[in-house]
Amino acid sequence: MNTSTPFLMTIGGQRVAAARTLAVVDPATGDPFVAVPECTPDQLDEAVAAAQRAFAGWAATPSDERRRRVEAFIDRVAASADELAPLITREQGKPLPKAKSEINSAVAFARGYAAVKLEPQVLRDTPTQRAELHRRPLGVVAGITAWNYPVLLAMWKIAPALLTGNTMVLKPSPFTPVATLRLGEIAQEFFPPGVLNVVCGGNDIGARLTQHPAVRKVAFTGSVATGKRIMGAAADTLKRLTLELGGNDAGIVLDDADPAAIAADLFWGKFANCGQVCAALKRLYVPRALHDAVCVEMAKVAAKVKVGRGTEEGVDIGPIQNKPQYERVREMVDEAIAQGARIVFRGDVPSGPGYFLPLTILADVTPQMRVVREEVFGPVLGVMAYDDVEEALRQANETEYGLGGSVWGTDIERATALAARLESGGAWVNQHPAMGPDIPFGGIKSSGIGVELGRMGLEEYTSVQVLNVKRPG
Ligand code: NAD
């Protein structure tokens with residue numbers, strides 16, 4: 001493979017190569033298609049130093065001017081959809097129209113952040129005292145992202161960090177760095193050098209970034225295991241953290257639900273992005289009387305869905321993004337079947353290479369199986385029949401995770417009351433997941449710390465300063 005690369009890192013406003021490169025694999029073929037620079041420890045330190053140097057000027061830039069620049073950048077990302085979407089398809093695997101939707105969502109979410117103004121708040125205004133609460137930037141923020149939605153996750157971090165006056169060093173997943181490297185280059189038109197730096201490297205570079213004494217906050221999306229490591233690494237210098245981690249979301253169908261009416265939403269709640277969604281529906285509890293009907297209706301939806309290469313017309317779902325994940329999901333399914341799970345639906349996959357897994361709906365799964373206990377980040381849904389809704393709720397909550405959860409039924413009040421008892425950051429009724437630029441999103445328990453999106457998400461990139469003035473007299 002030719003190791004020269006058109007995709008470079010951005011450090012201090014410069015396009016930067018590295019002594020070594022990393023190969024990026026196309027999951028639809030299993031073959032490397034491009035090489036990207038592998039950041040050295042010295043280059044990482046330089047990126048942090050560049051962000052540190054840029055901080056004072058950017059923090060002092062009036063917030064309306066920062067907003068104007070961030071909005072211009074977002075507009076440019078929107079206008080670059082035809083360039084960025086094929087990169088996402090190639091590195092991540094999702095079909096081209098879905099890659100375009102990812103960019104549209106990234107743009108909409110970033111605009112949502114830009115619409116929020118964090119004005120000072122007057123806490124006290126008396127003849128003797130005036131106390132105001134101000135939101136101040138933190139300094140250098142490290143952004144670290146996963147491989148399922150590279151551009152969306154990057155924009156969820158760039159927009160709030162820069163709007164609030166921070167500077168950033170962003171490190172995408174080594175599995176999907178390409179579109180993010182382009183984002184870094186595009187950004188240079190809109191921001192002073194060093195405000196947004198994008199480096200590329202493996203987990204060791206991520207670890208170095210989270211230990212760096214000059215980094216004041218880590219905004220991370222990825223696995224629970226890495227989140228725990230980052231929390232440890234951040235302890236020494238007391239960095240602020242936003243951790244958006246994994247989930248094992250449960251859905252509970254109630255006995256008044258109409259299987260035909262909810263089947264498509266249940267199906268896509270699980271299988272969108274080939275099941276590689278943190279807040280996907282990952283376990284489904286159904287009343288015994290409705291169990292078979294729900295399975296049959298979901299199988300009807302599944303039968304119309306085409307799995308294939310993201311570049312092909314008419315494909316709805318692409319491959320799994322990487323080989324380790326492909327092997328892991330395949331093993332979990334084989335193990336469940338060996339332990340007695342029944343295949344309700346198993347779809348076709350294209351012949352030839354690529355990390356394609358068939359869409360699979362399994363019945364008769366048990367709480368002991370890994371497909372239930374662990375997060376399945378792939379196109380597999382386990383369905384469990386229940387006799388007592390309280391027992392279903394108990395099982396739904398019996399997990400270390402707490403990202404999202406859903407309840408499905410026609411009596412909305414009853415479904416809402418049950419949803420409120422889910423131990424999860426998002427509790428949804430007749431939908432899964434449900435997100436919006438103005439709605440905070442985050443997990444509880446091991447699914448994370450803090451939230452992204454909305455006013456609360458923006459505030460996480462700031463510290464509170466109380467300006468308290470004693471008045472004479
Ligand atoms: P991962 O934790 O392996 O990697 C995520 C990122 O962390 C990568 O950029 C990686 O290089 C970096 N990294 C790895 N080790 C590190 C370390 N010690 N210090 C600093 N950085 C390090 O996760 P993944 O496999 O890329 O992503 C899949 C996981 O992400 C799933 O569990 C999924 O649920 C979760 N996820 C969560 C959300 C959310 O918003 N809650 C969204 C998408 C994905």
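The shown structure was predicted, so the numbers you read here are calculated from the model rather than taken from an experiment. Because only heavy atoms are used, hydrogens play no part in the values below, and waters and symmetry mates are left out as well, while side chains stay in. Order of listing sets the numbers, starting from 1, for every ligand and every atom in it.
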*Which is closest to atom 20 (C) of ligand 1 in terms of heavy atoms, G206, G232, G222?*
G206

*In terms of residue, atom name and distance, what is the protein heavy atom nearest to atom 7 (O) of ligand 1?*
F220 CE1, 3.2 Å

*May I ask you to check whether T89 and K94 show a side-chain donor-acceptor distance below 3.5 Å?*
no

*Numbering the atoms of ligand 1 from 1, which are under 4.0 Å from a heavy atom of F377?*
28 (C), 31 (C), 33 (C), 34 (O)

*asked:* Between E91 (side chain only) and A179 (backbone N and O only), is there a donor and an acceptor less than 3.5 Å apart?
replied: yes

_If the threshold is 4.0 Å, N to carboxylate O, is there a salt bridge linking D316 and K306?_
no

*Are K100 and D82 ion-paired here, with the side-chain N under 4.0 Å from a carboxylate O?*
yes

*Which ligand 1 atoms does P174 reach within 4.0 Å, using its non-hydrogen atoms?*
11 (O)

*In terms of residue, atom name and distance, what is the protein heavy atom nearest to atom 16 (C) of ligand 1?*
T226 CG2, 3.3 Å

*Any N or O on N203 sitting closer than 3.5 Å to an N or O of ligand 1?*
yes

*asked:* Can you name the atoms of ligand 1, numbered from 1 with element, that are less than 4.0 Å from a heavy atom of L403?
replied: 41 (N)

*If you have a sec, work out which protein heavy atom is nearest atom 8 (C) of ligand 1 and how many Å separate them, to one decimal?*
T145 O, 3.3 Å

*Test: D45 and R208 ion pair at under 4.0 Å*: yes

_Need the ligand 1 atom indices (1-based, order shown) with element for anything under 4.0 Å from a heavy-atom of E375._
31 (C), 32 (O), 33 (C), 34 (O)

*Note the single closest protein heavy atom to atom 23 (O) of ligand 1, along with its residue, its atom name and the distance in Å.*
S223 N, 3.3 Å

*For ligand 1, which atoms, with element, lie under 4.0 Å from some heavy atom of C278?*
34 (O), 36 (N), 37 (C), 38 (C), 39 (C), 40 (O), 41 (N), 42 (C), 43 (C), 44 (C)

*Find all atoms of ligand 1 within a distance of less than 4.0 Å from any non-hydrogen atom belonging to F441, and give their numbers and elements.*
40 (O)

_Does either side chain, that of D265 or that of H432, offer a donor lying less than 3.5 Å from an acceptor on the other one?_
no

*Ring centers of W156, Y113 separated by less than 6.0 Å*: no

*For ligand 1, is there an N or O atom under 3.5 Å from any N or O atom of K171?*
yes

*Take R309 and D26 through the test salt bridge (Lys or Arg N to Asp or Glu O under 4.0 Å) and record every step on the way to the result.*
CA-CA 10 Å; R309 291 182 183 82; D26 177 346; over 6 Å; no

*Side-chain donor-acceptor pair under 3.5 Å between K157 and T221, yes or no?*
yes

*Please report which non-hydrogen protein atom sits nearest to atom 40 (O) of ligand 1, along with the residue it belongs to and the distance in Å to one decimal place.*
E244 CB, 3.2 Å

*Check ion pair E423-K445 (N to O, under 4.0 angstrom)*: yes

*Quick one: nearest non-hydrogen protein atom to atom 27 (O) of ligand 1, plus distance?*
A146 CB, 3.4 Å

*Heavy atoms of the protein only: does one fall short of 4.0 Å from atom 4 (O) of ligand 1?*
no

*Who's the nearest protein heavy-atom neighbour of atom 25 (O) of ligand 1, and how far?*
W147 NE1, 2.9 Å

*Would R67 and E71 pass as an ion pair if we require N to O under 4.0 Å?*
no

_N248, I230, L245, T180: member with heavy atom nearest to atom 41 (N) of ligand 1_ = L245

*Should W156 be counted as touching ligand 1, given the test is an N or O pair under 3.5 Å?*
no

*Should R328 and E374 count as an ion pair when the cut-off is N to O under 4.0 Å?*
yes

*May I ask you to say whether R135 pairs ionically with E460, meaning some side-chain N is under 4.0 Å from a carboxylate O?*
no

_Ligand-side contact atoms (ligand 1) for residue partner P172, heavy atom cut-off under 4.0 Å_ = 9 (O)

_What I want to know is whether E452 and ligand 1 share at least one N or O pair that is separated by under 3.5 angstrom._
no

*Identity and distance of the protein heavy atom lying nearest atom 12 (C) of ligand 1*: I144 CG2, 3.7 Å

*Within reach of ligand 1, part of Y149 (heavy-atom separation under 4.0 Å)*: neither

_Counting the benzene-type ring for Trp, do W408 and Y285 have ring centres under 6.0 Å apart?_
no

_Where ligand 1 meets N148 - atom numbers and elements under 4.0 angstrom, heavy-atom basis_ = 43 (C), 44 (C)

